[in-house]
Amino acid sequence: MELSDRYNSKDVEGRIYQWWTERGFFKAQDKSTHSPFSVILPPPNVTGSLHMGHALNHTVQDVLVRWKRMSGFNVLWMPGTDHAGIATQSVVERELKKEGKTRQELGRNNFVERTWQWKEQYGGRIVEQMKRLGDSCDWDRACFTLDEGVSKAVRKVFVDLYNKGLIYKGLRLINWSPALESAISDLEVDHKEIKGSLYHIRYPIVGGDGHLEVATTRPETMLGDTAVAVHPEDERYQTLIGKEVELPLSGRKIPVIADAYVDKTFGSGVVKITPAHDFNDYEVGKRHDLPMLNILNKDGSLNEQGGVYKNLKVQEARKRILVDLEAKGFLVKTEAHTHQVGHCSRTGCVVEPFLSEQWFVKMAPLAAPAKRVVESGTITFEPESWTKTYLHWMNIIEDWCISRQLWWGHRIPAWTCRDCGHITVSEMEAKSCGKCGSAQVVQDEDVLDTWFSSALWPFSTMGWPADTELQKTFYPSTVLVTGFDIIFFWVARMIIMGLEFKQDVPFRTVYIHGLIRDAQGKKMSKSLGNAEDPVQLIEEYGADALRFTLLAQIAAGRDLKFSVQRLEGYRNFMNKLWNATRFALGALKDFEPSSDLNQMPNRSEISYADQWILVKLGHLERELDEALKTYRFSDAANAAYSFVWHTFCDWYLEFVKPIFQGNSVTEKKATQLVLAHVLNRTVRLLHPFIPFITEEIYQKLPLRGEALIVDTYPTVKVDKSLLALGSEDVAEEVDLIREVITALRNIRGENRIKPGQKINARLAPLDDKTQKVLGENKQAIMTMSRLEICEITEAGNLSKCAVQPVQVGTMKVDVIVPLEGLVDIEEEKKRIRKTIEKLHKDIVGISGRMADANFMANAPEDIVAQNKRQLEESKAQVSTLEAALARLG
RNA sequence: AGGGAAUUAGCUCAGUUGGUAGAGCGCCACCCUUACAAGGUGGAUGUCGUCGGUUCGAGCCCGGCAUUCCCUACCA
């Protein structure tokens, strides 16, 4: 069983994942004596492919899920995919277009059938990509938002809300996407800054010879003007209020009204009012009972109200109207003007405010309880700062337009009676009118906003409205992990629906992570061409490396910049771990594990280094536990990284080498046992972060259970017997040894002594304890600093010597290297002077403080004592160094 | 306009209760030392944006300012 000297993720990941799946390790129990832990995966669009945002989002969830699974919880990670109304419909329409067909030609039923076929064929792609990343979801429970069960929930919710008067149909001004020929919600509108123009236009006053000058960015909407408005207190126009003006080009007469909405200082202080095509004007129109004149067709062209401009698209009509206005002398001037224009987040087209019959959810009564559960802390946001944003939004929430003029989605369960016009809303197909009994009923053509079904996801996936064991066990879920961009689309609406239909919140904690940006800090997007493909990166660097890169950088709700360079670094980390294992397995070749995995060595038999690594392992376990509990993933990842590389590899394995090469069988056996345990424990600790490599390693360990993924997660509280073998005191002693070795290496390095050249050293301990510790670790010091002779004795003559004082806790030693015949003395003088300078800086600072009566009077005793000690020691070290310097001549 | 966040080494960022600044990458020097050159050892680098306040003591707490970013809402 030879391991290659490079970790090759490609050989490992697919095989391991398949094995986990076959063994059913991801499965949740409907009912269990173990505490539940559940996470609902934000269902990605079936049309989608995995992007870096998913990679980050899923990695976080997988870490939590694996950590809890190993900690003995009954874990459910509920996966699924979203039908994504518009996105999916567009994909299929594009396909049809290639065949020269349209969905209208196909007809609704055939089109929907065709879309299902597309979903069956391609919809699984993103799921496969999720598996590449290592997502340990309970795949057998995977749902799709158009599944029969989920659809049933959707219909029930719709009907219930309708019966409660919380869903209504109404003629309203809504955001209309001409490209989709559908309504979209406020949230689906992106405001972009556009450099446009402000046109000043004359509206002649009826029965007078003057005119009013109106400023507008959208001259074409004047065809739909039903008034002009001035501020009620604007002196300039007092006499005109109540009079009429004539609409240029059409000659239609409209009133001059007064409304406080008008800003006297902007433009001319006169506003044209187009209630059917502007949200503010709509409100003004309602206040003044103005006619609402719709001038647009569904595709964004002008309708018959447009007169000679009929059938022209908005942009074209605008140009023609401007030409005509100019020709007839109505256009006063044109100013450059930048303003915000709404764009459809799906198609990018300019959104038109459009008067149309739509279905709405009345939000105010539903939002109130959803606000309270956050205010009261029943649901907490992590990081907490999002609470404010959430509450702010809930305060200004408007009714939610839920109907879409699409074919792909949940069709609205409402039937209109041809005879009496009554609307029958029903979970089952309505065969007759609920009022007059007529059989002439037709179902509403529209489908529901995709987010409507998403809002029910936390319980619709668990079998609701049926009363299932699954819901009893796992609802509410424990934590929801998502980006801030869908707090309002999704999180808020899930809270609302959960409270309304389950009488309980859908989750306890909302963990919000940031966005992934490129190395320059730009948002990753396909159109910018800077989007990294996670699947490609997994191919090249491995899923573990990618996961670790994301985890190491994720800081509470802040965006993170992704760079391949960093990914490479963590790929190297995987390799480091792999090679450490390779070494350890070599050292454990003749290791005979006891049948009892819990068998521990005797404390008296294990080495200093063994005790030290166990102490450090305990520290790591405490750090990881703390970090994971508080969602500090980067802290966790960094602690793990540092332990593996800088504690385990750099020091422990080096300390242990002489033992394995030595003659003491007892010592060797004890160290083997410790090494085997430490390695086992390390991969268990790292598994949630880097599941593949750790499972692969685990399967090769002499000490192991059946599968790492279901082994227990180590904490300082469980399996205490191993960690109890470490002693903090001994660990400090090993830290002294490390410092001594570092001092010797420093002397070598700075004096340019060749790594291969052995040198002699004198260690002058300044107390008995240090003397003993040095004596017992002499071999390690000699090996790791490449010494020929190592004397532990008093300092003696310092002539022609490099000197470095070392101190850890109360232990102190001067590290001395005779340099006779070795090096340029000047180099060593420089080195010593540098150290003295550093110490001097300390001394000046501390002496200043000690001389300050205020400090002495107010600072706590231990701080004063610490300063005092530090000062004395620094002074002592300086005098040693100065003596050495003097002897160097 | 309102709200939020950020400003620490060349770059990306940690720094959880105030007690003399850390990591990774990059950089410099030396080394293919039998786990790993995707490696080892050593080294250099910071008036912690700015001004003031609280404190014996501030990267951290408070206030002002500057710059940058994000969100929400909009001026026709």
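Letters go in sequence order (proteins before strands), and every chain restarts at 1.
Nucleotides U67(B) and G26(B) have their C1' atoms positioned 26 Å apart, rounded to a whole Å. Of the C1' atoms belonging to A1(B) and U54(B), the separation is 33 Å, rounded to the nearest Å. G53(B) and G57(B) have their P atoms separated by 12 Å, with the value rounded to a whole Å. Separating the P atom of A44(B) from that of C28(B) is a span of 16 Å, rounded to the nearest Å.
Aromatic pair Trp578(A)/Tyr7(A): ring centres closer than 6.0 Å. Remark: aromatic rings of Tyr570(A) and Tyr641(A) are close, center separation under 6.0 Å.
With a 3.5 Å ceiling on both atom-pair distances, the Watson-Crick or G-U wobble partner of C61(B) is G53(B). Under the Watson-Crick or G-U wobble criterion, with both distances below 3.5 Å, U20(B) is left unpaired in every strand shown. Base-pair partner of U33(B): not found among the strands shown (Watson-Crick or G-U wobble, both distances under 3.5 Å). With a cut-off of 3.5 Å on both pairing distances, the Watson-Crick or G-U wobble partner of C27(B) is G43(B). For G2(B), the paired base is C71(B) (Watson-Crick or G-U wobble, both distances below 3.5 Å). Of the nucleotides present, none pairs with A9(B) by Watson-Crick or G-U wobble criteria with both distances under 3.5 Å. Nucleotide A76(B) has no partner under the Watson-Crick or G-U criteria, as no pair reaches both atom distances under 3.5 Å.
For Lys834(A), the side-chain atoms get nearest to G43(B) when compared with the rest of G40(B), U41(B), G43(B). Among the nucleotides G24(B), A38(B), C56(B), the one closest to the side chain of Pro860(A) is C56(B). With A76(B), U20(B), C36(B) as the choices, the nucleotide that has an atom nearest any side-chain atom of Ile846(A) turns out to be U20(B). Residue Lys561(A) has its side chain nearest to C13(B) when only C13(B), A76(B), G19(B) are considered. For Asp5(A), whose side chain is taken as the heavy atoms from C-beta onward, the closest listed nucleotide among C25(B), G42(B), C36(B) is C36(B). With C25(B), G43(B), A76(B) as the candidates, the nucleotide lying closest to the side chain of Val262(A) is A76(B). If you check A76(B), U41(B), G19(B) against the side chain of Phe855(A), the one that comes closest is G19(B). When distances are taken from the side chain of Asn575(A) to each of U12(B), G43(B), A38(B), the shortest belongs to A38(B). The nucleotide whose nearest atom lies closest to any side-chain atom of Pro755(A) is, among C30(B), A35(B), G42(B), C30(B). The side chain of Asn572(A) lies closest to G39(B), out of G43(B), C36(B), G39(B).
Ion pairing between a basic and an acidic side chain is recognised when a charged N comes within 4.0 Å of a carboxylate O; Lys629(A) and Asp625(A) show such pairing. A salt bridge between Arg571(A) and Glu540(A) is absent, with no side-chain N of the basic residue lying under 4.0 Å from a carboxylate O of the acidic one.
For a distance-only test at 3.5 Å, the side chain of Arg632(A) qualifies as a donor-acceptor partner of the base of U16(B).
Summarising the geometry, the separation between CD on Gln757(A) and P on G42(B) is reported as 18 Å, rounded to the nearest angstrom. The CZ-P distance, from Arg738(A) to G42(B), rounds to 10 Å in whole Å. Rounded to a whole Å, the CG atom of Asn858(A) is 16 Å from the P atom of G18(B). Atom-to-atom, CZ of Arg831(A) to P of A29(B) comes out at 21 Å; the value is rounded to the nearest Å. Per the geometry, CG belonging to Asp281(A) stands 12 Å off C1' belonging to C75(B), to the nearest Å.
Counting only heavy atoms from C-beta outward, the side chains of Val228(A) and Ile257(A) never approach each other to under 4.5 Å. Between Phe633(A) and Leu550(A) the shortest side-chain heavy-atom distance does not fall below 4.5 Å.
Residue Trp645(A) has a polar side-chain atom (N or O) positioned under 4.0 Å from OP1 or OP2 of G40(B). Residue Asn746(A) places at least one side-chain N or O under 4.0 Å from the OP1 or OP2 atom of G43(B). Phosphate contact (OP1/OP2 of G40(B), side-chain N/O of Lys576(A), threshold under 4.0 Å): present.
Among Tyr511(A), Trp386(A), Trp490(A), the one residue that satisfies the ring pair (Phe, Tyr, Trp, His ring centres under 6.0 Å) test with Phe484(A) is Trp386(A).
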